[in-house]
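Naming convention: chains lettered A, B, ... in sequence-line order (proteins, then strands); numbering from 1 in each chain.
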2 protein chains.
Amino acid sequence: MTAETCAIDRDDPLGALLLKLRARDLVSDEEEQVLRESIAEIRELPAGKPIVRAGTILSESTLLLDGLVCRYMDMADGQRQIMEIHVAGDFLDLHGFLLKRIDHNVGAMTPVRFALVPHDRLRRITEEYPHLTRILWFSTLLDAAMHREKILSIGRRSAVARIAHLLCELYVRLKLVGLAGDCRYALPLKQVDLADATGLTSVHVNRMLRKLRNDEVVTFRGGEVLIHDWERLQRLAEFHETYLHLERRPR
Amino acid sequence: MTAETCAIDRDDPLGALLLKLRARDLVSDEEEQVLRESIAEIRELPAGKPIVRAGTILSESTLLLDGLVCRYMDMADGQRQIMEIHVAGDFLDLHGFLLKRIDHNVGAMTPVRFALVPHDRLRRITEEYPHLTRILWFSTLLDAAMHREKILSIGRRSAVARIAHLLCELYVRLKLVGLAGDCRYALPLKQVDLADATGLTSVHVNRMLRKLRNDEVVTFRGGEVLIHDWERLQRLAEFHETYLHLERRPR
DNA sequence: CGTCTAATTGAACGAGATCAAGACAAGTGG
DNA sequence: CCACTTGTCTTGATCTCGTTCAATTAGACG
C-alpha cells in the first residue's frame, strides 16, 4: 500500500472507481460530475475495525478509496467465511442501497479510507440518470459474478487451486486500478485471511503457499505477492478472467 | 409440480413474480402493467435442456414461470457446481441485461415454461420507471445475497448442514410463491443435482439424506420433500431467513 | 529482552471422496 | 408377459485431502 498506491491520484476520490467503470463502459463527464457530487464525506479507519455489522439498516453506501476491506459472515461456532475482498474503487455497500438491512459484515482488513455516499443521492441518480444507474447496477452484478466464481472455487477447486485463483483475481483487479505492478502487488493480509477467504484452515493455507513457492509459481510473503509464472498460475487455478467482464460495451 | 402449481394462477405469467416482489416492496398497478408489457413471448423447454450457455451474448432475459432451472459452471475435468436453483417467479438472466456476455450456464432441471423479456424493454424501464428499476435491481441483489449464503454454506457448513440449508431455502422460497404446502413441497431433482448444488458427491448426499431421514428431520424421496421437524432442520442448518430480505419496505 | 502475534512444522485424525458392486424402478422391444 | 436396458439409488470398503491438535520458530514492538 505504499509505492504503488501513488500510481492513481490519491487526491481524487473517484480515480480508482472511474478506472474500474471505464474499463467496462463509457462514463460521461456529466456522469462523473454527478458521482463526484454524490460523495458526502471522507473517512478513515484503522485495520481490523468493523465498518458495517450484519443486520444494520444503512442509509449510506461507501466507496473504498484506499486499503482492503472484506465482506464476511460468521458461523455460530466462530468459523469465518469471507465472501469478497474489496480493493480501491469498489463500491462497498451499494447492495445496502436497496437491500437496506445488510445481511453480512463488512470490515477493514488494513487501514482504510473511504467515501460516504448517502442513499438519497443514489436514489436521485436512479431518478435522473438512467445510464449512470445502469452502470452502478452493473457494478453490483460484478460482485455477484465474483460470488459465483467463489462458489465454484470453494465447491470444486482443490486447496492449491483456490488460493491460486484468489491470487489471480486480486492481481487482475488491482492492476485495473493501478495498484499492481508487473507480476507483483502488495497484499498486506495474514494467512488466516486467505484461509477465511478460501474456506480452508490457516495451517493448510500455509502448506499450500509453501507448495506454490517451492514450485516457483507464486510467492506470498511479507504482505507481498510475487508471481513467478503467470501462465502456470492461471492454468493451475483454471482462472479465466471472463467473469470479470473486462469488455467496454454500452450497458 | 402438479397439485401445488395450481395455487398460483398459471395463466398469469406475472403471478409468481408479483408475489415475490410484493413481499419486499409495493408494486403499483402501473408498474405491474409495464412488467406485463415487457414480456415478448412465452416458451417451453423439456428437462435437461440448456437455456443459456456461458459466453453467449444475450439480448433478452427470461422470467421463469414454471419448473426448476439452475445456473451452473463446469470445471475442465467435468465437475459441476450449481450456483443457484431458480423457482417460478425468478428473473433468470436479469444479470445478462447489463453483463451482456453471460459468465455461466443456465439449464432446465425439469420441464420449464418461461417468458422472454427483450433487453430494450428493460432499458426503457430504466429510463422511465425509476422505482421499478430499483425493484428489478433489488431482485438481482437478492441473487447476490443467496450467492453469499451459498459461499458460507460450502465454505463452512458440514455436509448435512449444507443439504439441510438448501432444503430450508427452497422451502421458504417456494412457499412465498405458493408452491410449497405445509412442511412439504415438490422437488423433482436427482441426488446428483443436490450434490452439484452443495459441492458434494452424490454418494455422500445419499448418505446424508439417509441420516436426515433416520433422525426424522426431513425426507427427500421421489421428488418430494417432507419436513418432519422444521425447527430442528433450521437449527441444524443454521438457517436464518434474513438473507432473503422478506421485509416489505420502500426500495 | 520479554511479550505478542503470525508463520511454520509434525503427527494423528476424520469428513468426505473414490471405487466398485448391487438393488430397484421404469421403460422398451421381442 | 417376460427379458433386457437404462438410470438412479443404495451400500460397503478403502483412500485422501484437509483438519485438528500441539509444539516450535520467527518477527515486531515496547
Side-chain angles (χ1 to χ4, degrees), chain A residues 1-2 46-49 68 75 77-82 109-111 153-167 186-215 218-226 236-237, chain B residues 46-48 68 75 77-81 109-111 153-166 187-215 218-226 236-237:
Chain A
M1 294 285 91
T2 57
K49 287 282 175 203
L68 294 173
M75 296 287 290
D77 66 357
Q79 286 187 98
R80 169 162 304 186
Q81 179 64 48
I82 292 177
M109 307 182 86
T110 67
S153 236
I154 300 185
R156 298 304 187 195
R157 270 185 256 260
S158 69
V160 226
R162 280 185 226 180
I163 296 171
H165 193 274
L166 178 63
L167 297 178
L187 189 69
L189 299 183
K190 290 172 286 181
Q191 295 186 354
V192 202
D193 297 324
L194 297 189
D196 289 343
T198 50
L200 300 167
T201 57
S202 60
V203 174
H204 203 57
V205 164
N206 180 287
R207 293 194 232 271
M208 295 302 104
L209 284 174
R210 173 153 48 99
K211 180 169 167 51
L212 286 168
R213 201 183 322 128
N214 288 344
D215 294 352
V218 64
T219 298
F220 169 76
R221 196 189 269 282
E224 194 174 40
V225 175
L226 293 174
L236 177 66
Chain B
L68 293 173
M75 296 288 291
D77 65 357
Q79 287 186 99
R80 170 163 303 187
Q81 178 63 48
M109 307 182 87
T110 68
S153 235
I154 302 185
R156 299 302 188 196
R157 271 184 256 259
S158 70
V160 228
R162 282 186 224 181
I163 297 171
H165 193 275
L166 178 63
L187 189 68
L189 299 182
K190 291 172 286 183
Q191 294 186 355
V192 202
D193 297 324
L194 296 190
D196 290 343
T198 49
L200 300 167
T201 57
S202 60
V203 174
H204 202 58
V205 164
N206 180 287
R207 293 195 231 271
M208 295 302 104
L209 284 175
R210 174 155 47 98
K211 180 169 168 50
L212 286 168
R213 200 182 325 125
N214 289 343
D215 293 355
V218 65
T219 298
F220 169 75
R221 196 189 270 281
E224 193 174 40
V225 174
L226 292 175
L236 177 65

What is the distance, rounded to the nearest whole Å, between atom [atom1] of [X] and atom [atom2] of [N]?
X        : N      : atom1 : atom2 : result
B:Leu194 : D:dT10 : CG    : P     : 11 Å
B:Ile163 : C:dA15 : CD1   : P     : 15 Å
A:Gln79  : D:dT19 : CD    : C1'   : 10 Å
A:Arg207 : D:dT19 : CZ    : P     : 10 Å
A:Arg157 : D:dC17 : CZ    : P     : 18 Å
A:Lys211 : C:dT8  : NZ    : P     : 16 Å
A:Met208 : C:dT9  : CE    : P     : 12 Å
B:Leu209 : D:dT10 : CG    : C1'   : 12 Å

Quick one, B:Arg80 with B:Asp193, criterion salt bridge (charged side-chain N to carboxylate O under 4.0 Å, His left out). Give me CA distance, side-chain angles, the key distance, then yes/no. CA-CA 9 Å; B:Arg80 170 163 303 187; B:Asp193 297 324; over 6 Å; no

Considering only side-chain heavy atoms of [X], which listed nucleotide, [options], is closest?
X        : options               : value
B:Val192 : D:dC9, D:dG18, C:dA11 : D:dC9
A:Ala159 : D:dT20, D:dG18, C:dT8 : D:dG18
B:Gln191 : C:dT18, D:dT19, D:dC9 : D:dC9
A:Arg221 : C:dG16, C:dT8, D:dT11 : C:dT8
A:His204 : D:dC9, C:dC19, D:dG18 : D:dG18

Test item: [X] side-chain N/O and [Y] main-chain N/O as donor-acceptor pair under 3.5 Å:
X        : Y        : answer
A:Arg156 : B:Gln79  : no
A:Thr110 : A:Ala47  : no
A:Gln81  : A:Asp196 : yes
B:Arg213 : B:Thr219 : no

Could you check whether B:Gly199 gets within reach of a base, just the sugar-phosphate, or nothing at all, counting any heavy atom under 4.0 Å? sugar-phosphate

Would you indicate what B:Ser202 reaches in the nucleic acid, counting non-hydrogen atoms under 4.0 angstrom: base, sugar-phosphate, or nothing? nothing

Ignoring backbone atoms, test whether B:Thr201 places a side-chain nitrogen or oxygen under 4.0 Å from the OP1 or OP2 oxygen of C:dG16. no

Within less than 4.0 Å of OP1 or OP2 of C:dA7, is there a side-chain N or O belonging to A:Asn206? no

Measure distances between side-chain N and O atoms of A:Arg162 and base N and O atoms of D:dG18, and say whether any donor-acceptor pair falls under 3.5 Å. no

So does A:Arg213 reach the base of C:dT8 with its side chain, donor to acceptor, closer than 3.5 Å? no

Nearest-nucleotide comparison on DNA chain C, the residue closer to the 5′ end among A:Lys190 and A:Arg210: A:Lys190

